[in-house]
A.B. asks: 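Would you mind keeping the following structure in view while I ask a few things?
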Amino acid sequence: MMHIALLGNPNTGKTSLFNNLTGSYEYVGNWSGVTVEKKVGALKNKTGQLIDLPGIYTLNPLSKDEGVVSNFFLHDSFDGIVNIVDASQLERNLVLTLQLLEFGKPIILGLNMTDVAKSRGIYINEQKLSAALQVPVVPIVARTGQGCNLLNEQLFSLQSKKQAPLVLDYGVALEKGIAQLIAAMPQELTEHLPPRWLALQFFEGNKNVWEHLSSFMGDDALTKIYEETKTNVQKEENADTLSQRIYRVRRTYIQAIVEQAVDQQTAGAATLTDRIDAIVTNKVFGLPIFLLCMLLLFKLTFDWLGTPLSDLLDAFFSGPLTDWLAFVLGKAGASSFIQSLVLDGIVAGVGGVLVFMPQIFILFFFISLLEDSGYMARVALVMDKIMESVGLNGKVFIPMIIGFGCNVPGIMAARTIEQPKERLLTILLTPLMSCSARLPVYALFVGAFFVEYQTIVVFSLYLLGIAMALLLAKLFSMTILKEEQSVFVIELPPYRLPQSKALFRSTWDKGKGFIKKAGTFIFGGSVIIWLLTYAGPQGLNVDMDNSFLAAIGGWVAPLLAPLGFGTWQAGAALITGFLAKEVVVSSMNIIYHVPDVDSLQGLMATEFTPLSAFTFMVFVLLYVPCLATVGTIRKETGSAKWTYFSIVYALILAYSLSFIIYQGGKLLGF
Amino acid sequence: MVLSELGRGEKAKIVDLSNIDQMVKRRLLDFGIMEGIEVQLKQRMPFKGPFMLDYCGQCLGIRHQEAARIEIKRV
Ligand SMILES: Nc1nc2c(ncn2[C@@H]2O[C@H](COP(=O)(O)OP(=O)(O)OP(=O)(O)O)[C@@H](O)[C@H]2O)c(=O)[nH]1
Ligand SMILES: [Mg+2]
């Protein structure tokens, strides 16, 4: 089985091609740094496996996602490379290509974005490019699939090809250093990796390569060769640093190729991207436009589209579906235990959450739209000034927006943040972003208490999440995570009109996670909750107030009393919500045991006041990240300490803020 | 003169990048931006916010404080 690695600059369409050739769906979006981990997929024609990797500008990594690629080269074995190159930015892209050629594995060059290049008046002569680089070049449009078949056919021949590593002349002094280093490399090392490539990466300053070499040869020998070579190169003409020299030689080589192979007819007219940018990144209107977009999103999700659809679904679940299930169970002679488990436990618990599927899918649709359009990077730019004032940078806003869908991919996206401190802060604070799992809780409560102000109330919760994240970022970066200069450089990709197919794929991919969760965590949670309400210290089928759940909930209830919801029901719902925040709604449905959402909302009006309902929502927004998020925080920080910290600070924050809101609200007479 | 003094739509040649943060410099190099190349200022955010630059059809954003440390020559 052959293994082929997909490599290229960020945002050049690697994952688009991966999806096309494997028939699977991985995350695609129009900004740099969408893919942050290695993904493997089987080629459609079953001849081998394709490996999708994060985008990189060069093999020398700055951020964690880029490090994934360096490590892939050092530790994984593969048979060939497909190098995706953005035809509209050929010169920049070829810098990486040369490094791949120096590695000496068989390569195919996938010349992508040929449509964009053409529209900018850039014409690339593939034959000339292919002859100059001595690799096959296949022009493609990965987005539409054009040319992908041709590339697929060529993949097969990769395996049998031999490709000699490219050798450029880096000047006498550096070449001497390279020879010296190669001579010192032990055989166990050079068996697996090309020595000249290792030496060049080493001199370029690739930290991962340095570490790898030093595990074989020790730091002292390496430092000596490095320092010596550095001094010698500096003595030569140009007085370059090592990385400068390597870069300059490669660049000169590339310019010669580009001159031959590229024909650029200058297109001077302002592009559509320029015109859109003049508005959305406008000095004055940039931020208001972003807020307006968000507001519109919530208006659609709740008022205009989501709620009507969800009412229809509710009517179906509580009416025909329940009747039919009751009928089937009765006919099948199911015991009353089973009947109650299915109808009062599963239908109430799982159905009660699935009812809010329309809202969740609409939200996912808009997040996908945001991701695929190119607006995401602009939001980062517009937000940078504000983020800077709290010790972060604008790029951090991208994981946060993704976190509105689900916190887990949001935390993963933090890998692209270069500074370790800022990355850690992003991981810790992304759980404060109100994810889609909290949406059913809001929908339930605003429907009961704030019908007229739905959008504003929900919007305020989202803003509250952001505000708290910023406040804590300031606090943490002043105290426990002291200054390390924050940096910000961002690539702003051209806008792309999202294609409906890609948009639905991407929405479905996110929505699938929700449905899966309904079948696992929410289902399991509902069964457990129901069992806990069914059984009690006195036996089975007890009155709910004497059940185990009431006992457990009753234990935390006094703690919650100062927040306005000191009932065992609220306590139990919040505890179970750690599994997944939707389970809060499942619990309420099972506990209050009502036929549909409408009557639940009616019943809740007797248990909560509008003030305590709002406080409850604030508490659900902020208290502990869900189980899956905690797991991801653990994995991404690699530290149990920070994982506990993320839980503890969230609990403290949720409690104190809820306390202030409830007690303050009461004083003000709400 | 430095990059932050450039007006909207104006073009300039970069003369010296040695005063900026190393990490920023590395990133700029990733985009192909180094001494001797020509950039255009596309947009600037208010309150000394970030700058949008155009180089060879690619657009990127950097901070004001960095732009203030990049020596340029107007063209
Ligand atoms: N116009 C055009 N757009 C494309 C083409 N290929 C991909 N795209 C778009 O480019 C964007 C980036 O695509 P991805 O497949 O996520 O790129 P990637 O290289 O995997 O990006 P990273 O994971 O961030 O490195 C998406 O919006 C795609 O729809 C193409 O050939 N032409
Ligand atoms: Mg990708």
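Below, chain A is the first sequence line, B the second, and so on; all start at residue 1.
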A.B. asks: Report yes if some heavy atom in the side chain of B/His64 is under 4.5 Å from a heavy atom in the side chain of A/Glu388; otherwise report no.
C.D. replies: no
A.B. asks: Let me confirm one number: the CG-SG distance from A/Leu381 to B/Cys59, rounded to the nearest 0.5 Å.
C.D. replies: 8.0 Å
A.B. asks: Would you say NZ of A/Lys118 has more than 12 non-hydrogen atoms from neighbouring residues, nucleotides or ligands within 6.0 angstrom?
C.D. replies: no
A.B. asks: How about B/Arg26 and A/Ser243: does a side-chain donor come under 3.5 Å of a side-chain acceptor?
C.D. replies: no
A.B. asks: Could you tell me whether the side chain of B/Gln58 and the main chain of A/Ser88 form a donor-acceptor pair under 3.5 Å?
C.D. replies: no
A.B. asks: If we define contacts as heavy-atom pairs under 4.5 Å, which of B/Lys42, B/Met23, B/Glu66, B/Arg63 has the most with chain A?
C.D. replies: B/Arg63
A.B. asks: Run the side-chain contact (heavy atoms from CB on, under 4.5 Å) check on A/Asp384 and B/Met45 step by step: do they pass?
C.D. replies: CA-CA 9 Å; A/Asp384 181 62; B/Met45 298 287 121; over 6 Å; no
A.B. asks: Looking at CZ of A/Phe488 and CG of B/Asp21, how far apart are the two atoms once the value is rounded to the nearest 0.5 Å?
C.D. replies: 14.0 Å
A.B. asks: Can B/Val24 and A/Val489 be said to form a side-chain contact (heavy atoms from CB on, under 4.5 Å), step by step?
C.D. replies: CA-CA 7 Å; B/Val24 174; A/Val489 181; 3.6 Å; yes
A.B. asks: So, A/Arg248 and B/Glu35, do they make that salt bridge, N to O below 4.0 Å?
C.D. replies: no
A.B. asks: A quick test of your reading: do over 12 heavy atoms of other residues, nucleotides or ligands sit less than 6.0 Å from NZ of A/Lys230?
C.D. replies: no
A.B. asks: By a 4.5 Å heavy-atom criterion (distance strictly below it), what part of A/Glu491 contacts chain B: side chain, backbone, both, or neither?
C.D. replies: both
A.B. asks: Let's test your reading of the structure: which of A/Asn93, A/Ile490, A/Val95 forms the most heavy-atom pairs below 4.5 Å with chain B?
C.D. replies: A/Ile490
A.B. asks: Using a 4.5 angstrom heavy-atom cutoff, name the option from A/Asn60, A/Asn9, A/Val382 with the most pairs to chain B.
C.D. replies: A/Asn60
A.B. asks: Might you work through the side-chain contact (heavy atoms from CB on, under 4.5 Å) test for A/Gln89 and B/Phe31, ending with a clear yes or no?
C.D. replies: CA-CA 10 Å; A/Gln89 292 296 342; B/Phe31 298 118; over 6 Å; no
A.B. asks: Are side-chain heavy atoms of A/Lys385 and B/Lys48 found at a separation under 4.5 Å?
C.D. replies: yes
A.B. asks: Rounded at 0.5 Å granularity, tell me how far OH in B/Tyr55 sits from CZ in A/Arg92.
C.D. replies: 10.5 Å
A.B. asks: Looking at CG of B/Leu29 and CZ of A/Arg251, how far apart are the two atoms once the value is rounded to the nearest 0.5 Å?
C.D. replies: 7.5 Å
A.B. asks: Just how far is it from atom CD of B/Gln43 to atom CG of A/Asp277, taken to the nearest 0.5 Å?
C.D. replies: 7.5 Å
A.B. asks: Of the backbone (N, CA, C, O) and the side chain (C-beta and beyond), which part of A/Asn393 lies under 4.5 Å from a heavy atom of chain B, both, or neither?
C.D. replies: both
A.B. asks: Measure across A/Tyr57 and B/Arg27 and return the closest heavy-atom pair with its distance rounded to 0.1 Å.
C.D. replies: CD1-NH1, 3.9 Å
